[in-house]
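A short worksheet on the structure shown next.
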Amino acid sequence: LARLGKRVLCIDMDIGLRNLDISLGLSDRALMDFSDVAEGRCPLARAAVTHPDLPNLSLLTAPMSLSPDVTATRIRALLRTARDRYDYIMIDSPAGLGPGFRALVVATNDASSLRDAQRTVEELYRIRQVHLVMNRIQPRLLRQLRTTIDDAMDAAGLPLIGVIPEDRRVILAANLGRPLILEGRQGAANACLNIAKRL
């Protein structure tokens with residue numbers, strides 16, 4: 001989305017298990033987290049870190065632990081502020097955020113991942129727009145398993161928004177701390193770009 005010229009804020013709300021800062025290569029820059037903003041210790045404009053190679057992409061990281069003072073009301077206020085500054089807000093969090101969100105459930109084609117996707121769909125019942133992203137797809141493996149993407153969609157009970165092929169560049173980019181889209185426009189990067197266009 002950022003590559004398409006949209007202003008994007010990624011908020012890592014996976015408290016204690018945050019990792020978007022590592023994947024984006026921003027761990028040394030992300031000094032403040034969303035609790036600092038929610039509790040009023042720092043404005044969003046200062047806490048959100050802009051990516052040096054993608055100026056439309058910003059990150060607001062998660063704290064290692066959450067203070068009881070970070071309430072749902074304060075998170076809603078943070079999101080209202082973010083909506084005024086950004087075109088898209090991508091939240092990495094546990095399921096069950098409530099109404100007003102669009103959710104992307106990412107699953108692989110293995111049975112345990114599809115079962116997890118079904119459980120996630122149950123948790124997201126209040127969200128009107130929920131779509132499936134099939135990740136790490138290998139056509140040869142699908143043929144060996146005698147299954148299809150349609151079977152995965154039926155198992156998850158969701159409409160498909162995109163298919164991301166297995167691509168070693170994903171692991172390389174994540175470990176180098178570079179957004180995948182900077183690694184070219186083929187394979188998984190191209191699939192992610194197509195999903196962004198559909199969004």
Side-chain angles (χ1 to χ4, degrees), residues 1-14 17 19-20 23-24 54 56-60 72 75-76 79-80 82-83 86-171 173-174 179-181 183-199:
L1 289 165
R3 175 67 89 189
L4 294 172
K6 304 296 183 185
R7 295 168 301 159
V8 179
L9 174 65
C10 293
I11 306 178
D12 192 339
M13 287 194 169
D14 203 352
L17 297 173
N19 60 17
L20 284 181
S23 296
L24 294 175
L54 287 169
N56 286 333
L57 179 65
S58 297
L59 169 70
L60 185 58
I75 294 295
R76 280 193 290 273
L79 292 174
R80 276 193 302 274
R83 282 188 193 113
Y86 299 95
D87 300 313
Y88 288 87
I89 303 166
M90 308 296 284
I91 301 173
D92 180 14
S93 67
L97 288 171
F101 288 86
R102 167 184 264 183
L104 298 179
V105 176
V106 181
T108 61
N109 203 58
D110 65 87
S112 61
S113 180
L114 290 171
R115 179 180 285 173
D116 290 345
Q118 289 172 330
R119 176 71 179 120
T120 301
V121 170
E122 292 170 16
E123 291 292 323
L124 296 173
Y125 70 92
R126 292 181 302 226
I127 299 178
R128 286 186 308 228
Q129 295 187 60
V130 182
H131 289 90
L132 178 66
V133 175
M134 291 303 299
N135 194 22
R136 302 186 72 180
I137 297 301
Q138 301 175 54
R140 179 189 283 167
L141 185 58
L142 288 180
R143 286 191 297 277
Q144 289 176 340
L145 292 171
R146 297 183 183 180
T147 188
T148 66
I149 297 296
D150 287 340
D151 295 332
M153 290 167 54
D154 291 343
L158 291 174
L160 186 71
I161 197 168
V163 176
I164 302 173
E166 180 71 35
D167 187 341
R168 66 183 188 84
R169 286 172 289 221
V170 174
I171 295 169
L180 179 64
I181 198 69
E183 299 303 313
R185 292 203 179 181
Q186 50 190 314
N190 190 55
C192 290
L193 191 61
N194 289 334
I195 292 169
K197 290 175 181 174
R198 290 180 196 117
L199 283 174

| field | Interatomic spacing from CD1 in Ile164 to CG in Asn190 - rounded to 0.5 Å | value | 11.0 Å
| request: List the atom of Ala189, the atom of Ile181, and the distance in Å for their closest heavy-atom pair. | output: O-CD1, 3.8 Å
| request: For residues Ile195 and Ile161, report the shortest heavy-atom separation together with the two atoms involved. | output: CG1-O, 3.8 Å
| query | Does Arg136 CZ have over 12 foreign heavy atoms under 6.0 Å away? | reply | no
| note | Correct closest heavy-atom pair for Ala82 and Ile89 would be CB-CD1, 3.5 Å
| message | Rounded to the nearest 0.5 Å, what separates atom CG in Leu160 from atom CZ in Arg198? | response | 7.5 Å
| request: Just do the side-chain contact (heavy atoms from CB on, under 4.5 Å) check on Met134 and Leu132 with the steps written out, would you? | output: CA-CA 6 Å; Met134 291 303 299; Leu132 178 66; 3.6 Å; yes
| request: Report the distance from atom CG of Leu59 to atom CG of Leu9, rounding to the nearest 0.5 Å. | output: 7.5 Å
| task | Report yes or no: does Glu183 contribute a side-chain atom to a donor-acceptor pair with the main-chain N or O of Val170 at less than 3.5 Å? | result | no
| Does a side chain donor of either Thr148 or Asp150 reach within less than 3.5 Å of an acceptor in the other side chain? | no
| request: Take atom CE of Met90 as the centre, draw a 6.0 Å sphere, and report whether it contains more than 12 heavy atoms from other residues, nucleotides or ligands. | output: no
| remark: Smallest heavy-atom separation, Pro179 atom then Leu57 atom, equals CG-CD2, 4.4 Å
| query | Can you tell me how far the CG atom of Asp151 sits from the CG atom of Asn109, to the nearest 0.5 Å? | reply | 8.0 Å
| query | If you take all heavy atoms of Leu180 and Arg169, which pair is closest and at what distance? | reply | CD1-O, 3.8 Å
| message | Could you measure the distance from the CD atom of Glu166 to the CG atom of Asn135? Nearest 0.5 Å is fine. | response | 8.0 Å
| said: Ignoring hydrogens, what is the shortest heavy-atom contact between Lys6 and Asn56? Give both atom names and the distance. | reply: O-CB, 3.2 Å
| Straight-line distance of Leu104 CG to Gln129 CD, nearest 0.5 Å | 10.0 Å
| task | Start with the C-alpha distance between Leu1 and Asp87, add both sets of side-chain angles, then the distance that settles side-chain contact (heavy atoms from CB on, under 4.5 Å), and finish with yes or no. | result | CA-CA 9 Å; Leu1 289 165; Asp87 300 313; over 6 Å; no
| task | Taking side-chain hydrogen bond (donor to acceptor under 3.5 Å, both in side chains) as the test, write out the residues that go with Arg115, two or more places apart. | result | none
| message | Set out, in order, the CA-CA distance, both residues' side-chain angles and the distance that settles side-chain contact (heavy atoms from CB on, under 4.5 Å) for Asp14 and Leu20, then state yes or no. | response | CA-CA 9 Å; Asp14 203 352; Leu20 284 181; over 6 Å; no
